[in-house]
Amino acid sequence: MKSKKILALLLTGAMVMSVAACGKNEQTSGGDSNAGGQEETGAQTAETESGSDSNAGGGGLTEVTYMHKLNGTEKYVGNGDINNNVYTRCYEDELGIKLNFTVAAAGDDYTQKLTMAIASNDLPDLMDLPAEEFSELANAGMLADITDSYDTYASDLLKQTIEVDGGIQLASAKVDGRLYGIPQLSAADGTCDLLWIRTDWLENLGLKAPTTMDELIEVARAFRYDDPDGNGVDDTWGIGFQKDIVTEDGASPGSFEGFFAAYGAYARAWVKDESGKVTYSGINEGMKDALAQLNQMYQDGLIDPEFGVKDTVKLSEDIAAGKVGMFYGLEGMPWGACKSNIENNPDADWQCYPIVSATSEPAKPITYVRISRYYAANANCENPEALIKIANVFQDKINSLESTEETLNTFGVDPATGINFAEYAAFAMDPAIQKCNTYYAEIKSTLEGETTVEEIHPEAARYYKVIKNFIDNGMDKGQDSLGWNYYKFIGPEGSWNTIINDYKANDKLVQSVFFGAPTPTMSTNLSALNKMQAETCVNIIMGSQPADSFDEFVSNWKSLGGDTITEEVNEWYNTTFGN
């Protein structure tokens, strides 16, 4: 059934519509293959399993357009950019596929441009789509059926990566049994919030990391008003939040979910109640208590009054600039804003801690089978198999057991500069469900002398060497921010070691049980419900609505489609998992 939302967008779009050309074969001039300033390696010239005949016939390139969501943290070497880097050159050299980016943007900028492209029916050949837009476009007949392309061209390693959970997440990309995209997988363990704190600020003020909500508020107050950075200027905030309270992708850094969990609630989770029924935690009574506390913190000046207009990119900039000393975020924070902060100020230091509780019960962070995006092809694309062939490359270069240190340095993180070349990759699919747990265990055993570096996965060995070098050379952040990065992520003081494994061992994780494609009523009503929820939450925090207005929101949510969505979610759950 065609999506009403998509059809509405099309009807209100531009009168003159254009569909991006696809699969246009053209002869191209050679050009400098090393224009990005990087050394080419033998890894870039080996043929891959994914259709090495794409460039047969004398140098013609299959050109495809692509709308790509960036992380916002990409850095380039020399005159390289998103159009000219080690991955784009690899796609051309090994696959004969040239990517032409129609949009390459991060955060809200990408969302806005995607909405405009859908409304004007000006979609590129290949695209990154949030779950809701993917479902709508697939059901509207606007995406290519890639079932045969996946079966024919996906390498064994790509299939193993995507289907590591038995194909459950892949099934969410199917309509009537046919495949219309590839889900970007995530490890549920890695979607839980941690509390990240500037430990140098704690030391400067003689404070300890908080273990209760009352203590967290006192630390936030000290970080706001007691000059934690010692510069004599009133320029720091107690705790960092970003604007997207009701979000599908966790909105890290600056998530609210860890804070809400202190009150036994979550903004977007579907959880089972004592009777076994699946309910929406966003209308849980604990949400009202959490919002009332946030409002008090806002009134007390502990929260940046501009949080309501800042996305994760803007908050990351504040963290990097040393304006924020505490926030909720995911396990990978040492890769982004925290590392940038260390590079700007080597005296800074960050450590992750368990989220705190506001009640007598322990706080349990929520985890999600969070499919942050789907990779899909336009229904008018002449070469949808290009998506699969490109997706194979990341597996060949990063996740293969045959990867070498040279390959990983070229296509992963450069140990000399700390630049993460993997951020350039299109359709990068990590075996996320297994990877961090496996690598952490292998690195730990090697550091403890139980295994040798030759016995572990090449990428884990690469991480180990960086961590070991950091430890052996005095753990100097100023000289080796990349070593600090790895150490805090997957080393002895890393998030997997210090927090996530403890969460798991002590049964402190709650998993949201719904991760299917949007239900029928979600497709028509959820955007409006999410907007209403987000506005209610922000207004309560900022004081333009009283906390008791949350009760009216709950009543409206239920009557405007929420109760019907709840019934559909329960039907999906019972059909998918039985009893």
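Since this is a predicted model, take the numbers as computed values, not measurements. When a residue number appears, it is its place in the shown sequence, counting from 1.
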message = Assess the residue pair Y463 and Y440 against the criterion (side chain to side chain contact (heavy atoms under 4.5 Å, CB included)); give the C-alpha distance rounded to whole Å, side-chain angles, the decisive distance to 0.1 Å, and a yes or no.
response = CA-CA 9 Å; Y463 294 162; Y440 162 71; over 6 Å; no

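- Between E94 and K397 there is a salt bridge, since at least one side-chain N of the basic residue sits less than 4.0 Å from a carboxylate O of the acidic one.
- With hydrogens and angles ignored, the 3.5 Å screen pairs a side-chain donor or acceptor of Q395 with a backbone N or O of M429.
- Counted within 6.0 Å of CD on E448, heavy atoms from surrounding residues, nucleotides or ligands total more than 12; the atom is thus considered enclosed.
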Distance-only check: which donor-acceptor pairs under 3.5 Å involve side-chain atoms of residues 347-356, not counting sequence neighbours?
| unit_1 | atom_1 | unit_2 | atom_2 | d |
| --- | --- | --- | --- | --- |
| D349 | OD1 | W484 | NE1 | 2.8 |
| W350 | NE1 | N341 | OD1 | 2.9 |
| Q351 | OE1 | K488 | NZ | 2.7 |
| Q351 | NE2 | E493 | O | 3.2 |

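- Looking at T451, its side chain never comes within 3.5 Å of a backbone N or O of E455 through a donor-acceptor pair.
- Between F411 and F421, the ring center distance fails the sub-6.0 Å criterion.
- In summary, the aromatic rings of W237 and F327 are positioned with their centroids too far apart to meet the 6.0 Å limit.
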Name the atoms and distances for all side-chain donor-acceptor pairs under 3.5 Å in residues 470-480, with sequence neighbours left out.
| unit_1 | atom_1 | unit_2 | atom_2 | d |
| --- | --- | --- | --- | --- |
| D472 | OD1 | K468 | NZ | 3.2 |
| D472 | OD2 | K468 | NZ | 2.8 |
| N473 | ND2 | N469 | O | 2.8 |
| N473 | ND2 | N469 | OD1 | 2.8 |
| D476 | OD1 | G478 | N | 3.0 |
| D476 | OD1 | Q479 | N | 3.3 |
| K477 | NZ | P346 | O | 3.3 |
| D480 | OD1 | G483 | N | 2.8 |

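- The pair R224-E218 fails the salt-bridge criterion, with no side-chain N (NZ, NE, NH1 or NH2) lying under 4.0 Å from an Asp/Glu carboxylate O.
- To the nearest 0.5 Å, atoms CG (L216) and CD1 (I197) are separated by 7.0 Å.
- Y374 and Q184 are not linked by any side-chain donor-acceptor pair at a separation below 3.5 angstrom, with hydrogens and angles left out of the test.
- Judged purely by atom type and a 3.5 angstrom limit, N204 uses its side chain to pair as donor or acceptor with the backbone of P228.
- Residue Y66 holds its OH atom at 7.5 Å from CG of L99, rounded to the nearest 0.5 Å.
- Side-chain rings of Y328 and W196 stay apart, their centers remaining 6.0 Å or farther from each other.
- Not less than 6.0 angstrom separates the ring centroid of Y150 from the ring centroid of Y180.
- Formation of a donor-acceptor pair under 3.5 Å by the E317 side chain with backbone atoms of L315 is not found in this model.
- Between D128 and Y110, the side chains place no donor N or O within less than 3.5 Å of an acceptor N or O (distance only, hydrogens not considered).
- Atoms CG and NZ, on N392 and K159 in that order, are 9.5 Å from each other to the nearest 0.5 Å.
- Side chain of T152 to main chain of S149: no donor-acceptor pair is present (N/O by atom type, distance under 3.5 Å, no hydrogens or angles).
- Side-chain atoms of T404 come within 3.5 Å of backbone N or O of T407 as a donor-acceptor pair.
- Between the E257 side chain and the A269 main chain, no donor and acceptor come within less than 3.5 Å of each other.
- Atom NZ of K314 has 12 or fewer neighbouring heavy atoms from other residues, nucleotides or ligands inside a 6.0 Å radius.
- With rounding to the nearest 0.5 angstrom, the CD atom of E423 is 3.5 Å from the OG1 atom of T73.
- Both tests do not hold together for K508 against Y503: distance to the six-membered ring centre under 6.0 Å, angle to the ring axis within 45°.
- Between R198 and D229 there is no salt bridge, since no side-chain N of the basic residue sits under 4.0 Å from a carboxylate O of the acidic one.
- Taking the six-membered ring for Trp, Y424 and Y76 have ring centres closer than 6.0 Å.
- A donor-acceptor contact shorter than 3.5 Å is absent between the side chain of T312 and the backbone of P253.
- Q242 places a side-chain N or O within donor-acceptor distance of the main-chain N or O of G254, the cut-off being under 3.5 Å.
- Proximity of a side-chain donor or acceptor of N344 to a complementary backbone N or O of A320 within less than 3.5 Å is detected.
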